[in-house]
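Notes to accompany the following structure.
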Amino acid sequence: MAAVKPSQSEPVDRFQRGSRGVGRAVPVSYKLDVFKDENFDPNVYVQSKCRAMSDKEIRQLRSSLQVLKKASAEEMYRSVYANLATLIRAAEEISGLEKELLPMRNLCTSQVALIPEFTEGIPFESWSVDSEGSIEDDLSFCEDREPSEAEKLFVELPDMLDVLLSERRVAEALDALDEAERIAAEAAENQTLRPAELLSLQTIINKNRQKLADHLFEAAFKSSTHGHELRSAVSSPGVVDQLAGASFQSSTRGVELHAAVSALKRLGKGPRAHSLLLNSHYERLQCNMKTIHPSSTSYGVPYTTALSQQVFSAIAQAAHDSQTVFAEDSAYVSELVKWSAKQAEAFAQLVQKHVLASCADEGSLRAAAECVQIALGHCSLLESQGILLSSVLLQHFRPSVEEALNGNLKRIERKTAALAAADDWVLIYPSKTHSPNGTSSTASGIQPKLSSSAHCFKSMVQDLLDDISPLLMSMQFAGSTLDGLFRVFDSYISLLINAIPCLVEDDTNTEGYGNKIVRMAESEEQQLVLLVNASVLAEEILPRAAIKLSSMCQAGNMDDSHKTTSDRDNHSTELRNWKRKLHHCVDRLRDSFCRQQMLALILTEDGDTLLNAQMYLSMDESFDYPEWSPSPIFQYLFRKLNTMASIAADMFVGREIFASLIMMRLLQTVVLFLSDDPNFWEDIEKGPRPLGLLGLRQFYLDMQFIIVFAQGRYLSRHAHQLIKDIIERAMLAFSATGMDPDSVLPDDDWFVRHCSRNCEYNNRKK
């Protein structure tokens with residue numbers, strides 16, 4: 001059966017079925033078959049696709065096509081830049097081969113004319129016998145006929161070109177040379193000239209073509225302000241190569257420059273002509289840049305603006321002139337791109353030297369960001385001409401901007417440390433004085449109460465975001481900024497840890513910060529202020545800054561097809577890990593606070609511990625029967641937790657969970673100390689005096705007292721399990737004496753009753 005040619009609707013249906021993912025995957029080549037059909041009609045195809053689609057699907061299709069177009073263009077530019085050097089070398093080699101092929105073509109034309117004479121089989125003797133008579137016959141024949149066009153060229157072409165060049169009629173001179181080439185080609189084809197004559201004619205044409213090229217370069221030389229330097233090059237051999245690098249000055253700009261370059265191109269000197277064009281724009285740019293100086297009156301942003309306008313205007317004009325004369329020839333486009341990249345690199349080096357270097361040293365991120373944005377803004381105007389130079393600028397700007405960012409972060413760290421040395425650790429609302437630039441740092445809504453150093457930290461972080469925001473989309477600084485914010489926050493947490501009075505030095509808390517002076521937080525209220533600063537910054541201020549950074553980056557990448565769901569998930573994961581690191585810093589401060597509070601609870605001024613095994617072992621040696629109540633140290637712990645919880649409730653407004661976590665951590669720290677104290681358990685389990693009945697009952701009462709007053713408020717599951725393990729360990733130590741602890745201890749109601757009575761007593765006492 002003969003194959004039936006599919007209609008246009010059939011490929012569309014196949015494409016739609018393949019796009020829905022039904023069945024096995026359809027190869028891409030099969031999907032493209034519809035476009036290979038000779039009768040393919042784009043309008044019919046689009047209408048058939050859109051007829052079965054809703055308005056939303058049509059808009060999505062249009063959006064996806066635009067994204068694919070943008071991605072295709074970016075991929076093409078990346079491919080061009082990746083292979084730019086190879087492409088330029090190939091273009092230069094091709095240009096050199098073209099120059100070598102031109103004389104070879106002329107020589108081949110002359111040689112072709114020799115073939116008919118050899119095929120006629122003229123005897124060798126005919127060249128010598130009666131040669132004088134044949135010469136006379138030829139002369140008489142030449143006198144009797146009119147000279148041909150080729151014969152006239154021998155005489156008229158040099159004089160005619162001299163006249164045209166003297167009158168600056170370059171276009172007519174080029175036409176005359178083209179006409180001479182045509183006549184020579186016809187003579188070779190029709191065999192109207194002998195090989196020697198044809199070769200002589202071609203030699204005359206080539207000499208006059210070179211003469212015209214020398215004349216054009218000589219004209220450029222005479223109009224140049226550097227004529228005295230180039231005149232020595234004229235006397236040297238290879239005048240065309242010497243003058244190819246010369247540039248036109250103001251008298252040969254504009255129309256004359258285009259005319260001369262176009263003429264050189266017609267003469268087969270395209271590569272040299274293009275180099276001449278680019279050198280002309282380069283010299284003009286250098287002349288204009290001499291008027292721009294990085295002086296005290298024109299520095300930083302003004303200097304960058306003026307320099308950027310000159311450089312990218314010159315590149316834009318050079319691109320326009322190149323495209324006007326040489327169209328879209330790949331060899332010349334590659335050379336133009338290479339030249340433009342070189343100018344952009346030189347511009348970036350000047351900005352780096354005179355502006356960004358000082359910004360990096362001073363940590364002036366705002367000035368660096370403004371200069372980079374100005375340069376990128378002018379650079380983006382060239383994209384319409386197919387010249388993408390932003391990557392060249394960013395490659396040179398990024399190190400300095402990163403250094404400026406790091407300098408800004410170090411400035412935040414230094415200033416925060418200086419304020420921490422004078423901070424009185426009292427919660428206040430923000431004011432204008434806390435903003436480093438003198439402006440109000442408050443925003444709409446209720447602002448949290450912090451100490452002065454924390455308010456300054458918050459204001460400087462907000463200023464940093466304002467400075468870095470213009471560079472987030474172009475230089476992808478969101479990750480570096482977040483890492484920097486974590487470093488300065490970690491440094492601030494270390495300062496807060498140093499502000500807590502230490503009864504026992506902890507090297508892990510003061511490592512790298514022992515040389516920094518910080519005002520001590522003597523009272524419990526002041527120490528809780530440290531925790532308020534850390535919690536607000538870690539849970540509100542810095543996460544809000546991270547969300548702001550992410551939103552600005554996402555706003556700049558809304559049309560980026562490369563931002564897949566996986567990329568967004570990775571970014572969310574990185575953000576969660578960053579927040580987790582902030583919480584670890586806060587935990588470090590909280591643990592240090594709890595540790596110092598625990599030490600203050602159990603240590604005496606002499607360094608002895610109030611919580612030891614002797615307080616239980618000595619009870620069985622006393623002859624007095626005790627009045628059962630929890631040990632004083634645990635009653636003091638109960639009152640201390642209640643007092644601190646009351647203070648924290650007033651400070652942690654809206655963050656009561658964090659205040660509860662502090663109390664739970666403090667209680668857990670005390671329990672951990674008791675669980676892990678080797679001296680305590682060595683005396684209980686292996687000491688010379690065993691744990692007696694009264695000691696076991698007192699120990700059990702103390703542990704039950706912790707459970708009763710902390711249940712539902714300060715007792716975590718981990719701490720509860722630790723208390724159970726401690727009780728079990730003490731009962732095992734008592735069992736070693738041969739007695740059953742369950743048989744000698746009262747029931748749980750007895751312990752609960754005594755613990756509750758004591759809680760009520762301590763509450764009334766408070």
Side-chain angles (χ1 to χ4, degrees), residues 69-102 213 216-217 220 240-248 253 257-286 308 310-349 375-376 378-396:
K69 178 181 178 182
K70 180 180 178 181
S72 177
E74 292 178 353
E75 183 65 26
M76 182 190 69
Y77 287 132
R78 282 194 295 268
S79 178
V80 169
Y81 279 114
N83 303 279
L84 183 59
T86 304
L87 184 62
I88 292 175
R89 286 196 301 270
E92 293 175 351
E93 293 177 1
I94 292 174
S95 300
L97 291 175
E98 288 178 350
K99 292 190 296 184
E100 296 177 1
L101 288 175
L102 182 61
L216 293 173
F217 284 113
V240 176
D241 294 337
Q242 292 291 333
L243 293 176
S247 61
F248 290 108
R253 302 293 178 183
L257 175 63
H258 290 176
V261 172
S262 299
L264 289 171
K265 180 186 176 185
R266 289 182 60 182
L267 288 172
K269 305 295 182 181
R272 299 294 185 184
H274 194 255
S275 299
L276 182 64
L277 176 66
L278 297 180
N279 288 339
S280 172
H281 286 284
Y282 172 76
E283 294 229 346
R284 179 191 293 181
L285 174 62
Q286 294 300 312
S308 178
Q310 290 293 340
V311 172
F312 292 106
S313 295
I315 294 176
Q317 187 61 43
H320 177 268
D321 294 344
S322 176
Q323 292 174 359
T324 301
V325 177
F326 299 93
E328 299 294 335
D329 193 319
S330 59
Y332 302 120
V333 171
S334 300
E335 185 179 3
L336 172 65
V337 171
K338 183 179 180 180
W339 180 85
S340 302
K342 184 178 180 180
Q343 306 313 312
E345 184 176 358
F347 160 75
Q349 291 174 351
L376 293 177
H378 286 107
C379 180
S380 63
L381 299 177
L382 298 175
E383 294 182 1
S384 60
Q385 296 177 287
I387 301 177
L388 301 179
L389 301 175
S390 58
S391 60
V392 178
L393 299 182
L394 294 178
Q395 182 180 2
H396 288 80

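Nothing fancy with the numbering, it's 1 onward along the sequence. Not measured: the values here are computed from a predicted model.
Here the shortest heavy-atom pairing between A348 and H396 reads CB-CB, 3.7 Å. Shortest non-hydrogen contact noted between E335 and S275 is OE2-OG, 3.0 Å. For A319 against L336, the heavy-atom pair with the smallest separation is CA-CD2, 3.6 Å. Contact detail for H281 and Q317: the closest heavy-atom pair is CE1-CG, 3.4 Å. Minimum interatomic distance between L393 and C379 (heavy atoms only, all atoms of both residues): CD1-CB, 3.9 Å. Nearest heavy-atom pair, L278 versus A318, reported as atom, atom and distance to 0.1 Å: CD2-CB, 4.3 Å.
Not counting sequence neighbours, the partners of Q310 by the side-chain contact (heavy atoms from CB on, under 4.5 Å) test are L285, N288, I292. A search for side-chain contact (heavy atoms from CB on, under 4.5 Å) contacts involving F326 returns V261, K265, A273, H274, L277, S322, Y332, not counting sequence neighbours.
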Given side chain to side chain contact (heavy atoms under 4.5 Å, CB included), test E345 with Q349 step by step and report yes or no. CA-CA 6 Å; E345 184 176 358; Q349 291 174 351; 3.8 Å; yes

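Note that OG of S380 is 11.0 Å distant from CG of L389, once rounded to the nearest 0.5 Å. Between the NZ atom in K342 and the OH atom in Y282 there is a gap of 6.5 Å [rounded to 0.5 Å].
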